[in-house]
Amino acid sequence: MAELEKVYDPKKTEDRIYKMWLDGGYFHAEPDSSKLPFSIVIPPPNVTGQLHLGHALDNTIQDVLTRYKRMRGYAAVWVPGTDHAGIATQARVEKELRGEGVSRHDLGREAFVERVWEWKTEYGGRIIEQLKLLGSSCDWERERFTMDEGCSRAVREFFVSLYEKGLIYKGERIINWCPRCVTALSDVEVEHEEQAGHFWHIKYRVTNSDEFVVVATTRPETMLGDTAVAVHPDDARYSHLIGKTVILPLMNREIPVIADEYVDREFGTGCVKITPCHDPNDFEVGNRHDLERILVMDNDAKIINGGKYDGLDRYDARRAIIEDLQALGQLVKIEEHTHSVGKCERCGTVVEPITSNQWFVKMQPLAEPAMDVVRDGRMKFVPERFAKTYMNWMENVRDWCVSRQLWWGHQIPAWHCEKCGHITVARDDPDKCEKCGSADIKRDPDVLDTWFSSALWPFSVFGWPDRTPELDFWYPTTVVTPGYEIIFFWVARMIFSGMEFMGDVPFRTAFIHGIVRDDKGRKMSKSLGNGIDPQDIIDQYGADALRMNMISGNSPGSDMRFYPERCEAMRNFANKIWNAARFVMMNLTTDKNELPAALEPEDKWILSRLAAATREISENLDKYELGLASAKIYDFIWDDFCDWYIELSKPRLNSGDADAAASAQKMLLYVLTEILKLLHPFMPFITEEIWQALPHEGDALMIQTYPEYTAALDFPREAADFERVMAAIRAVRARRAEMSVPPSKRPSLTIVSDNPEIFEAGLVYIARLAYAGDVIVSRSAPADTDSMVSAATDSARIYMPLRELVDTEKERARITKELEKARADLERLESKLSNAEFTAKAPERVVAAERERADKARALIANLEASLKGLD
RNA sequence: GGGAGCAUAGCUCAGCCGGUUAGAGCACCUGCUUUACACGCAGGGGGUCACAGGUUCGAGUCCUGUUGUUCCCACCA
């Protein structure tokens, strides 16, 4: 048997244990019809990513669930992988290129993409390695990448069939454009932020008139593209102008005044400038009125088609335009105005709404089934409230802009015919236009939104579009565990994609977690510099401590603050278990793990506690209440097993009675082993390490069977009796502590009880744990109680002859105080019990519990009264 | 403009279906080299569960409102 060091050192075990698991192939699963399926697909981290605490949380959750189910006998698979992260990865490599003084355009598309692949091969695996440090039991043989061959095939099939069904189209719409990333973005990639700005009121002169209309705008530079001014059709102030024209200042363009219901008469001046190319509403208005579209910004947000302003950056143009309008006397006023500004989720640049020819996924038909499955419960959110968030978004979802003007990603499988303009979308690369047969076709240069491939992840990782045994067995997956910030990006899109192509939900449960914040409650970010590297925490406290910290004291779906000190508590916990194991091993002579033939009262007590813990841990894990489950196991190990049971075992181990010692050893080994199993999903490394050092059958703890509640090992009656012995011990300890009696002082005790047999059975434990000399159990009090210190529980009176410490008056005062409290308790209970409504309406067990409590209070009062009398 | 969360001990948080005297970790106080562990042991102090109503035999827990706070969504230029 291995010698264990005094202090547990995670560094000496984690790598070795992880390697052992890998070598054993325990993470790998195959479809197995003799077992129930359990599957999780990882939310694929970006290949550019570094592990952060959010990943630590997310992956700890997945690992706890997977390890639990695996031990429960499921064919449990956790499929890992990474996401190609279009924009982020491309930006990363472009930055590298800039350092070498070249741009991606210098390289050309093919060479650039080649370069990104190289980068990916070299650095992309880092985050996967970091996941391993956490103990993640992913099936690495199934590791995938959103741009590997299989995923690419899935994306192609997915795109083409959507196109064939008319659910993907290309068209000119208003989209969000990031001038820095130089690409279109989807709506969810734009973060809105309230910002202080201005509201500029500008006069437009009515053609051939001295009359002016005043329009207000927050983005004056867009006026260069105005092609109308709109008023409400029923607005008496302006009805005479409808059909006339006004002169657009600076550009001196004649533009019509139109009537449209969209205009809010109450807001601003009631006149709206219409810029179809640069505002979504104006775009709609433009369509209704067949207005000209003038695009006044290029891809870099520099002015085009804007006369003298051409070439200026949008904000320079804004300043220039304001100045010029002022000079012309056409700037009426400037109001302070806070409005919401959209920023690129990746780079923070203010996005520009512009019309652009892009690819879209038509959402309406896809959203319906995706909402049904939540409504009818085929798929559920944990916590439930996120279903509302999801539904609300789905109900109002707009078409998804999926094309990106990037090079890194899945290139759109569409070919434009130079001759007839037809677009050929095909599963296999075509060599001619499917319509006119011309060979002069060019592939659409755009790539797809990164989330397009992630949407297919739950089935593409199992081989779709092929029908594979994996897909049959593991789809729908059991649960997915994203943070709430990616419900729209990922969860929603997986659901409608799964419904459309698999005809079933991608997962039965979406277990949503919150985000990890710093100790001040702020989001961790690079710019704040408040990020904590999980690797540092692992180095310092161990992966188990980090995992346990992520899981405990946290309720599902809520954010958590990260305190390194809490890891210290969990490291201490690991050390506690370590030392408990050392104690068990130090006393071990058996090499077989089995319960002793005869069980002592304290054995039945700990087994009952173990039974309760076992039941509650599983119940909570099944409900995704990981925090509660971890608290149960923590309390059981520390309080019940270490503080009580190990101490209780010492008299037997040291009794000199070989049989008694052997039975204690067996008990310790048995309970410790059960503890290791229960704790393993949470703290896999230390539990495996200890288990390997203990007598065991089988190769690894991680593939042992998870404990289940067994009524045969639950002894509620005996456990309750033993609790009385413990209560007596506590009472004596408390009295001694109050009077500062050192442990070395060992007075004899007299325990007075109506149930002496209970205490007879616990004599040795009382002696040891309450630091007593000899212990006498009796039905009646000793003669000279007036010179003794007493302690009372609801089942016993304990007398200690500590004559020199006794201050009769103080004793009397203390007992009187306790008595008062006990009487108040009893009074409260009795009034409750005498309330006919309570006894009639409250459930039977509640009434029974209150009765029992009242009985105990009475017993305690009787004992206290007797103690008081003994003083006289 | 909609929607959601949170408010419990000095701090950070648990408290699931309403049912003991409301818990944990850290911090604090008093003892303790009790041969697994001072990353420990024993004992202890500390809470009007934001506020106001209501439902109920019974409310930290359910309902309504108020206040404070955080977040999400939304095309009023």
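Proteins come first, then strands; the chains are lettered A, B, ... in the order of their sequence lines, and each starts at number 1.
One interatomic measurement links the two molecules: CE of A:Met585 to P of B:rC37, which rounds to 14 Å at whole-angstrom precision.
Side-chain N/O atoms of A:Thr269 include none lying less than 4.0 angstrom from OP1 or OP2 on B:rA77. In this model, the phosphate group of B:rG3 is not approached by any side-chain N or O of A:Lys388 to a distance below 4.0 Å at OP1 or OP2. Using a 4.0 Å cut-off, no side-chain N or O of A:Ser740 falls inside it from OP1 or OP2 of B:rG31. For A:Asn572 and B:rG40, the shortest distance from a side-chain N or O to OP1 or OP2 is below 4.0 Å. Between A:Lys650 and the phosphate of B:rA36, there is a side-chain N or O to OP1/OP2 separation shorter than 4.0 Å.
Sorted by first then second residue, the ring pair (Phe, Tyr, Trp, His ring centres under 6.0 Å) pairs that include residues 538-563 of chain A, not counting sequence neighbours, number zero. Counting only residues at least two apart or on different chains, no salt bridge (charged side-chain N to carboxylate O under 4.0 Å, His left out) pair has a member in residues 386-396 of chain A.
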Hey, can you pull the donor-acceptor pairs under 3.5 Å for the side chains in residues 632-642 of chain A, sequence neighbours left out?
| unit_1 | atom_1 | unit_2 | atom_2 | d |
| --- | --- | --- | --- | --- |
| A:Lys632 | NZ | A:Glu616 | OE1 | 2.9 |
| A:Asp640 | OD2 | A:Arg609 | NE | 2.9 |
| A:Asp640 | OD2 | A:Arg609 | NH2 | 3.0 |

Mind listing the side-chain donor-acceptor pairs of residues 270-278 of chain A below 3.5 Å, one per line with the distance, residues two or more places apart or on another chain?
| unit_1 | atom_1 | unit_2 | atom_2 | d |
| --- | --- | --- | --- | --- |
| A:Lys273 | NZ | A:Thr222 | OG1 | 2.7 |
| A:Lys273 | NZ | A:Asp226 | OD1 | 3.1 |
| A:Lys273 | NZ | A:Thr275 | OG1 | 3.0 |
| A:Thr275 | OG1 | A:Asp226 | OD1 | 2.6 |
| A:His278 | NE2 | A:Val296 | N | 3.0 |

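Stem regions for RNA chain B, each three or more consecutive Watson-Crick or G-U pairs with both distances under 3.5 Å and listed by first number, read B:1-7 with B:67-73, B:10-13 with B:23-26, B:28-32 with B:40-44, B:50-54 with B:62-66.
For the P atoms, the distance linking B:rG68 with B:rC26 amounts to 36 Å, nearest Å.
Every ring pair (Phe, Tyr, Trp, His ring centres under 6.0 Å) that A:His337 has, sequence neighbours left out, goes to A:Phe199, A:His339. Under the side chain to side chain contact (heavy atoms under 4.5 Å, CB included) criterion, A:Glu837 pairs with A:Asn835, A:Lys841, sequence neighbours left out. Take A:Arg288 and apply the side chain to side chain donor-acceptor pair (under 3.5 Å) test, not counting sequence neighbours, and it matches A:Asp260.
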Could you run down the sub-3.5 Å N/O contacts of the protein with nucleotides 41-45 of chain B?
| unit_1 | atom_1 | unit_2 | atom_2 | d |
| --- | --- | --- | --- | --- |
| B:rC41 | OP1 | A:Lys576 | NZ | 2.8 |
| B:rC41 | OP1 | A:Trp638 | NE1 | 2.6 |
| B:rC41 | OP1 | A:Asp643 | OD1 | 3.1 |

Could I get a table of every N or O pair under 3.5 Å where one atom is in the protein and the other is in nucleotides 6-12 of chain B?
none

Identify the pairs formed between an N or O of the protein and an N or O of nucleotides 55-62 of chain B at a distance under 3.5 Å, and give each distance.
| unit_1 | atom_1 | unit_2 | atom_2 | d |
| --- | --- | --- | --- | --- |
| B:rC57 | OP1 | A:Lys841 | NZ | 2.0 |
| B:rC57 | O2' | A:Asn835 | ND2 | 3.2 |

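Scanning residues 217-227 of chain A for heavy-atom distances under 4.0 Å to RNA chain B yields an empty list.
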